[in-house]
Each structure stands twice: as C-alpha cells, then as structure tokens.
Peer 1: 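Let me give you the structure first, and then I'll get to my questions.
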Amino acid sequence: MSIPSDFTEQIIHIIKSIPKGRVLTYGFIAKLAGNPRAARQVSWILHSSSKKYNLPWHRVISSNGKISLKSFEDRQYQKNLLEQEGIKVLDGFKVNLEKYLWKINSIENL
DNA sequence: AACCTGACGAAGA
DNA sequence: TTCTTCGCCAGGT
C-alpha cells in the first residue's frame with residue numbers, strides 16, 4: 001500500500017460526497033478532480049478501494065448512464081442499491097442521467 | 001524504468 | 001444502435 005496521491009484523494013472525497021438518490025459518472029468525477037481524461041483511474045479506485053474507504057460505489061456509473069459492473073449478479077445488486085435510494089433503473093441497467101446526475105460544477109465547497 | 005490492469009470514454013465503422 | 005479501436009491514468013493485480 002502506498003499513500004494516495006492528491007488526485008486520488010480528491011476522487012475519493014468526491015465519491016463520498018455524492019448525495020443519496022444521485023449519481024456521477026467516471027469521467028465527470030475525473031474532471032472534477034482535475035483531470036478529465038483519468039476516468040480509468042476512477043474505476044480503478046472503485047475496484048480496489050471501495051471497501052477500504054467505505055465509498056458509495058453504487059452511485060458511480062458510466063457516461064452512457066449504464067451500470068458498469070461486469071456480471072449480471074453484480075449489476076443486479078447495484079441496481080437494487082440504487083432503487084433503494086429512489087433511482088429508477090430502466091431496462092439494460094440504464095439510469096436517466098438527465099434526471100439523476102448530480103449537478104455540481106466545482107468541488108470548492110465539498 | 002517498463003509493463004500490466006481496470007466497474008472509462010470518445011470517435012469510427 | 002452495437003461493436004471495435006485507441007488513448008489515458010495511477011497503482012501494483
């Protein structure tokens with residue numbers, strides 16, 4: 001284990017700040033953290049540190065509005081978590097970003 | 001220093 | 001609309 005970079009800590013902070021009933025996309029989180037092209041790093045963090053940092057990982061989805069987990073079981077699980085917060089998950093595990101994306105333009109006040 | 005990986009994403013075909 | 005390709009990033013599988 002190594003000490004997370006500032007960039008990584010920013011990402012973690014942002015994810016922990018996502019309100020219930022809202023979602024954020026990988027790319028958007030990366031952008032808020034300062035590097036719009038580091039979406040993959042966001043996925044890596046979720047994959048490796050969700051448990052460690054107790055992150056609301058289920059509130060992070062792809063830019064196309066779909067759940068990104070690989071197996072059907074995992075997608076189903078994430079879908080349940082989202083619906084528990086009032087988020088409607090449509091066929092194909094898709095979420096209406098227009099409706100549920102967390103509108104935030106800066107992390108200044110996080 | 002080099003290489004590999006992932007719950008990505010935009011652009012093409 | 002779906003599939004493929006290619007570029008990106010930081011951590012370490």
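Just so we're on the same page: letters track the sequence lines, and every chain starts at 1. Since we're looking at a predicted model, the values are computed, not measured. Any value given below was found using the heavy atoms of this structure, including those in side chains, with hydrogens, waters and symmetry copies removed.
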Peer 1: So which of Glu85(A), Lys79(A), Gln84(A) actually passes side chain to side chain donor-acceptor pair (under 3.5 Å) with His58(A)?
Peer 2: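 Of all the options given, the one that passes is Glu85(A).
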
Peer 1: What's the closest nucleotide to the side chain of Ser48(A) if the choices are dC8(C), dG6(B), dT13(C)?
Peer 2: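 Taking heavy atoms from C-beta onward, the closest nucleotide is dT13(C).
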
Peer 1: Whole Å only: how far is the NZ atom of Lys70(A) from the C1' atom of dT5(B)?
Peer 2: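 After rounding, the reported distance stands at 12 Å.
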
Peer 1: For every nucleotide of nucleotides 8-13 of chain B, 5' to 3': is a protein heavy atom under 4.0 Å from its base (B), only from its sugar-phosphate (S), or from neither (-)?
Peer 2: BSS---

Peer 1: Nearest to the Phe7(A) side chain among dA10(C), dC8(C), dT13(C), which nucleotide is it?
Peer 2: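 The answer is dA10(C), which lies nearest to the side chain.
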
Peer 1: Counting the atoms with a prime plus P, OP1 and OP2 as sugar-phosphate, which does Asn35(A) contact under 4.0 Å by heavy atoms, base, sugar-phosphate, or nothing?
Peer 2: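 Since only primed, P, OP1 and OP2 atoms lie under 4.0 Å of Asn35(A), the category is sugar-phosphate.
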
Peer 1: If I take atom NZ from residue Lys94(A) and atom CD1 from residue Ile61(A), how far apart are they, to the nearest 0.5 angstrom?
Peer 2: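 It comes to 10.0 Å.
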
Peer 1: Counting C-beta onward and ignoring hydrogens, is there a side-chain heavy-atom pair between Leu24(A) and Ile15(A) closer than 4.5 Å?
Peer 2: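 In short, these two side chains do not touch, never coming nearer than 4.5 Å.
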
Peer 1: Could you check how far CD1 of Ile45(A) sits from C1' of dG11(C), rounded to whole Å?
Peer 2: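 After rounding, the gap between these two atoms is 9 Å.
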
Peer 1: Return the value, rounded to whole Å, for the distance between atom NZ of Lys31(A) and atom P of dC9(C).
Peer 2: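 Spelled out: NZ on Lys31(A) to P on dC9(C) is 16 Å.
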
Peer 1: If only side-chain N and O atoms of Ser5(A) are considered, is one of them under 4.0 Å from the OP1 or OP2 phosphate oxygen of dG11(C)?
Peer 2: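 Ser5(A) to dG11(C) OP1/OP2: side-chain N or O found under 4.0 Å.
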
Peer 1: Start at the 5' end of DNA chain C and walk down; is the nucleotide closest to Ala38(A) or to Lys66(A) reached first?
Peer 2: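 It is Lys66(A) whose nearest nucleotide is closer to the 5' end.
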
Peer 1: Enter the distance from Ser71(A):OG to Tyr77(A):OH here, rounded to the nearest 0.5 Å.
Peer 2: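 With rounding to 0.5 Å, OG (Ser71(A)) is 12.5 Å from OH (Tyr77(A)).
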
Peer 1: May I have the distance from Ile12(A) (atom CD1) to dA10(C) (atom P), rounded to whole angstrom?
Peer 2: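 Ile12(A) atom CD1 is separated from dA10(C) atom P by 14 Å.
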
Peer 1: State, with a plain yes or no, whether a side-chain heavy atom of Val23(A) is found less than 4.5 Å away from one of Val60(A).
Peer 2: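 Not touching, per the 4.5 Å side-chain cut-off.
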
Peer 1: Among the clusters formed by ILVMFWY side chains lying less than 4.5 Å apart, do Leu69(A) and Leu81(A) turn up in the same one?
Peer 2: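 Yes, Leu69(A) connects to Leu81(A) through the hydrophobic network.
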
Peer 1: Over how many whole Å does the gap from Ile11(A) atom CD1 to dG6(B) atom P extend?
Peer 2: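 Result: 18 Å.
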
Peer 1: Pairs counted only when both distances fall under 3.5 Å, Watson-Crick or G-U: show me the 5' to 3' dot-bracket for DNA chain B, [ ] for pseudoknotted crossings and | for other-strand partners.
Peer 2: ..||||.||||||

Peer 1: Roughly, in whole Å, what's the span from CD in Gln41(A) to C1' in dC8(C)?
Peer 2: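 Atom-to-atom, Gln41(A) to dC8(C), this comes out as 10 Å.
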
Peer 1: Quick check for you: to the nearest 0.5 Å, what is the distance between Ile11(A) atom CD1 and Lys16(A) atom NZ?
Peer 2: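 With rounding to 0.5 Å, CD1 (Ile11(A)) is 14.5 Å from NZ (Lys16(A)).
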
Peer 1: Hydrophobic clustering (ILVMFWY, side-chain heavy atoms < 4.5 Å, transitive) - are Ile12(A) and Leu110(A) grouped together?
Peer 2: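 Linked, Leu110(A) and Ile12(A) end up in one cluster.
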
Peer 1: Got a second to check how far Leu55(A)'s CG is from His13(A)'s NE2, nearest 0.5 Å?
Peer 2: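 Reported to 0.5 Å precision, the distance equals 11.5 Å.
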
